[in-house]
Q: 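First the structure, then my questions, so here it is.
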Amino acid sequence: MIKAVKGMNDLYGKDAYRWGRMEEDIKMIVQTANYTEFRTPIVEEIALFKRGVGETTDVVQKEMYDFLDKKGRHIAMRPEGTASVVRAFIEHGISVNEPSPFKLFYIGPFFRYEKPQKGRYRQFHQLGIEIFGDDTPQMDAEMIFTACRVLDHFKIDYEVHINSIGCNECRPVYKEKLIEYFSSKKDKLCEDCCKRIKTNPLRLLDCKSCNMKMEYQKVPVMIDHLCGVCSDHFEKLKKSLRIFHVDPVIDPYIVRGLDYYTRTAFEIVADTGGSQNAVAGGGRYDNLVSDIGGPDTPATGFAMGLERLFDMVPEDFYQTPMVFAGYVLCEEAVDDLVHFAKHMSHHPVTFFADYRPKKIKKALQKADKAQISFVFIFGENEAKNKTVLMKNMTTGEQKTYGQHEVMLIVRELMDASAEFYSKK
RNA sequence: GUGGGUAUAGUUCAAUGGUAGAGCACCGGAUUGUGGUUCCGGGCGUUGUGGGUUCGAGUCCCAUUACCCACCCCA
């Protein structure tokens with residue numbers, strides 16, 4: 001028995017419907033905020049992620065789906081969206097060809113070779129937004145606010161955690177202080193953290209396992225060592241967020257796992273039902289575009305985990321659509337149903353036809369199970385008189401129409417639909 | 001990569017080491033062209049896979065795989 005590949009899921013039926021509606025709503029929200037859709041390939045040269053995401057990150061070191069193609073090119077399936085978008089931004093000269101700031105969003109699948117658990121899969125989906133060419137803290141705030149708008153739409157409770165991780169000026173100075181601090185306490189650090197002192201000292205801050213936890217209060221934190229410009233940026237970010245009615249928690253231990261962030265870093269946490277409680281995360285990355293060989297361009301953005309979001313959208317958030325169906329009771333009536341199906345296809349109602357003759361009892365049973373709102377019965381009598389029996393499955397009312405009166409029928413259905421959806 | 005749990009019918013779950021069952025779902029029926037409720041009928045499934053212990057294994061032991069959860073990390 002062949003099964004789906006580990007960590008990859010099928011989606012069908014009601015869940016697929018809800019997922020589709022969720023994506024529609026998300027698109028509507030970000031498009032209203034003037035983000036335009038940006039689609040990049042699922043795969044890229046692996047070098048892009050190594051440079052963009054960072055050679056030392058877990059994502060690059062052990063979580064990448066990569067392979068050699070038939071020409072021996074080293075390809076990777078995208079583990080995140082920012083690197084690809086930055087590559088495309090540079091490749092198409094968007095900084096000179098499009099008005100600035102350039103605001104975009106993407107929705108799609110991403111791949112990481114991790115051990116699956118709740119809220120974490122090997123193929124997962126993200127909404128991402130990125131803004132190029134605007135270095136203001138106000139734009140950071142608007143970007144975070146946009147994430148909040150999405151969550152608000154789905155009536156989700158969440159907390160916004162923000163931090164500043166400085167810039168090329170102040171971070172190196174701070175890193176030295178951090179290394180100095182931790183070097184004297186090596187005996188209290190876990191194995192991983194001892195290594196991290198050299199490779200990525202910032203990561204020590206959000207290590208949950210090593211017993212430095214108790215002494216976090218004394219650990220020097222970045223926000224106390226920001227340079228003037230960064231400090232000003234952070235203050236204005238907080239102020240702007242408050243204007244947007246976003247009440248942030250200042251969390252000096254947020255360290256993004258990807259290397260490219262500068263200044264603003266943020267995470268949105270919520271009760272996703274599992275231990276993976278970060279539903280969105282991101283921040284500013286003013287150096288990434290130039291690091292990858294593009295023009296010096298400030299940028300900011302975030303990614304949101306759609307599986308984690310989906311798990312929090314209430315089951316009844318979306319009503320299933322109203323469906324109409326046609327059944328035949330005998331062979332002679334089949335062509336009438338075909339004609340009817342053709343006519344119905346011209347109208348904005350969801351209609352399906354079952355061309356297999358069956359007893360009326362069976363037809364109604366099937367309709368009931370499929371939660372059909374109105375059924376159209378084509379039997380011997382109807383075939384003889386060129387009529388159709390329409391039955392309202394909710395009220396039990398039924399009425400016979402001439403088959404030419406389709407317009408009349410459709411008008412009744414539209415009225416019924418309007419009433420149905422207005423109750424939502 | 002490291003732990004813990006689980007694995008039996010389409011599905012959810014039962015079965016003191018002694019012939020594998022139930023609910024739901026599904027299909028059929030309860031005389032004439034009317035659904036939801038009710039009643040009746042319909043089940044041999046290599047008990048995830050491979051070994052072992054035993055007169056006998058769904059049950060005990062070992063291995064393996066998959067799924068779920070957690071660590072790590074991230075969205």
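The chains referred to below are lettered A, B, ... by the order of the sequence lines, with proteins before strands, and numbering in each begins at 1. Everything quoted here is computed from the prediction, not taken from an experiment.
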Q: Excluding sequence neighbours, so at least two apart, what forms side chain to side chain donor-acceptor pair (under 3.5 Å) with A:T136?
A: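 A:T136: side chain to side chain donor-acceptor pair (under 3.5 Å) contacts with A:D134.
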Q: With sequence neighbours left out, what residues match A:A341 under side chain to side chain contact (heavy atoms under 4.5 Å, CB included)?
A: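 For A:A341 the side chain to side chain contact (heavy atoms under 4.5 Å, CB included) partners, ignoring immediate neighbours, are A:F351, A:A353, A:Y355.
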Q: Return the value, rounded to whole Å, for the distance between atom NZ of A:K6 and atom C1' of B:U64.
A: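 Going from A:K6 (NZ) to B:U64 (C1'), I get 13 Å.
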Q: Quick one: does A:E63 reach the base of B:C74 with a side-chain donor-acceptor pair under 3.5 Å?
A: no
Q: Which whole number of Å gives the distance between the C1' atom of B:G45 and that of B:A7?
A: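 It works out to 15 Å between them.
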Q: Stem finding on RNA chain B, please: runs of three or more consecutive Watson-Crick or G-U wobble pairs, both distances under 3.5 Å, sorted by first number.
A: B:1-7 with B:65-71, B:10-13 with B:21-24, B:26-30 with B:38-42, B:48-52 with B:60-64
Q: Taking only distance into account, with no hydrogens and no angle test, what donor-acceptor pairs under 3.5 Å do side-chain atoms of residues 149-157 of chain A form with protein atoms, sequence neighbours excluded?
A:
| unit_1 | atom_1 | unit_2 | atom_2 | d |
| --- | --- | --- | --- | --- |
| A:D152 | OD1 | A:Y158 | OH | 2.9 |
| A:D152 | OD2 | A:Y158 | OH | 3.4 |
| A:H153 | NE2 | A:D25 | OD2 | 2.9 |

Q: Mind telling me whether A:Y261 and A:Y285 have parallel, tilted or perpendicular rings, with 30° and 60° as the class edges?
A: perpendicular
Q: Could you list the residues that satisfy side chain to side chain contact (heavy atoms under 4.5 Å, CB included) with A:Y17, not counting sequence neighbours?
A: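 Partners of A:Y17 under the side chain to side chain contact (heavy atoms under 4.5 Å, CB included) test: A:R21, A:Y318, A:P321.
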Q: List for me each residue that meets side chain to side chain contact (heavy atoms under 4.5 Å, CB included) alongside A:A47, sequence neighbours excluded, and say none if there are none.
A: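 Partners of A:A47 under the side chain to side chain contact (heavy atoms under 4.5 Å, CB included) test: none.
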Q: Remember a base hit wins even if backbone is also touched, and classify A:G282 as base, sugar-phosphate or nothing at under 4.0 Å, heavy atoms.
A: nothing
Q: Please produce a list of atom pairs where a protein N or O lies less than 3.5 Å from an N or O of nucleotides 1-4 of chain B.
A:
| unit_1 | atom_1 | unit_2 | atom_2 | d |
| --- | --- | --- | --- | --- |
| B:U2 | O4 | A:K115 | NZ | 3.2 |

Q: Could you tell me how far B:C24 sits from B:A63 if I compare only their C1' atoms? Round to whole Å.
A: 36 Å
Q: In residues 107-121 of chain A, what donor-acceptor pairs under 3.5 Å come from side-chain atoms, sequence neighbours left out?
A:
| unit_1 | atom_1 | unit_2 | atom_2 | d |
| --- | --- | --- | --- | --- |
| A:R112 | NE | A:P79 | O | 2.8 |
| A:R112 | NH2 | A:P79 | O | 2.9 |
| A:Q117 | NE2 | A:S275 | OG | 3.2 |
| A:R120 | NE | A:K115 | O | 3.3 |
| A:R120 | NH2 | A:K115 | O | 2.4 |
| A:Y121 | OH | A:G119 | N | 3.4 |

Q: What does nucleotides 31-38 of chain B look like as a protein-contact string, B for base, S for sugar-phosphate only, - for none, at under 4.0 angstrom between heavy atoms?
A: --BBBB--
Q: Can you list every pair that meets salt bridge (Lys or Arg N to Asp or Glu O under 4.0 Å) and has a residue in residues 312-337 of chain A, with sequence neighbours left out?
A: A:D336-A:K386
Q: I'd like a table of donor-acceptor pairs (distance under 3.5 Å, sequence neighbours excluded) in which one partner is a side-chain atom from residues 242-252 of chain A, with atom names and distances.
A:
| unit_1 | atom_1 | unit_2 | atom_2 | d |
| --- | --- | --- | --- | --- |
| A:D251 | OD1 | A:Y253 | N | 3.0 |
| A:D251 | OD2 | A:H161 | ND1 | 3.2 |

Q: Taking RNA chain B as the partner, which of residues 142-150 of chain A come within under 4.0 angstrom of it by heavy atom?
A: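 Nucleic-acid contacts, sorted: none.
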Q: Would you tell me if any nitrogen or oxygen in the side chain of A:K359 comes within less than 4.0 Å of OP1 or OP2 on B:G29?
A: yes
Q: Give me the distance, rounded to whole Å, that separates B:C62 from B:A70 when you measure between the C1' atoms they each carry.
A: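 Per the computed distance, 26 Å lies between those C1' atoms.
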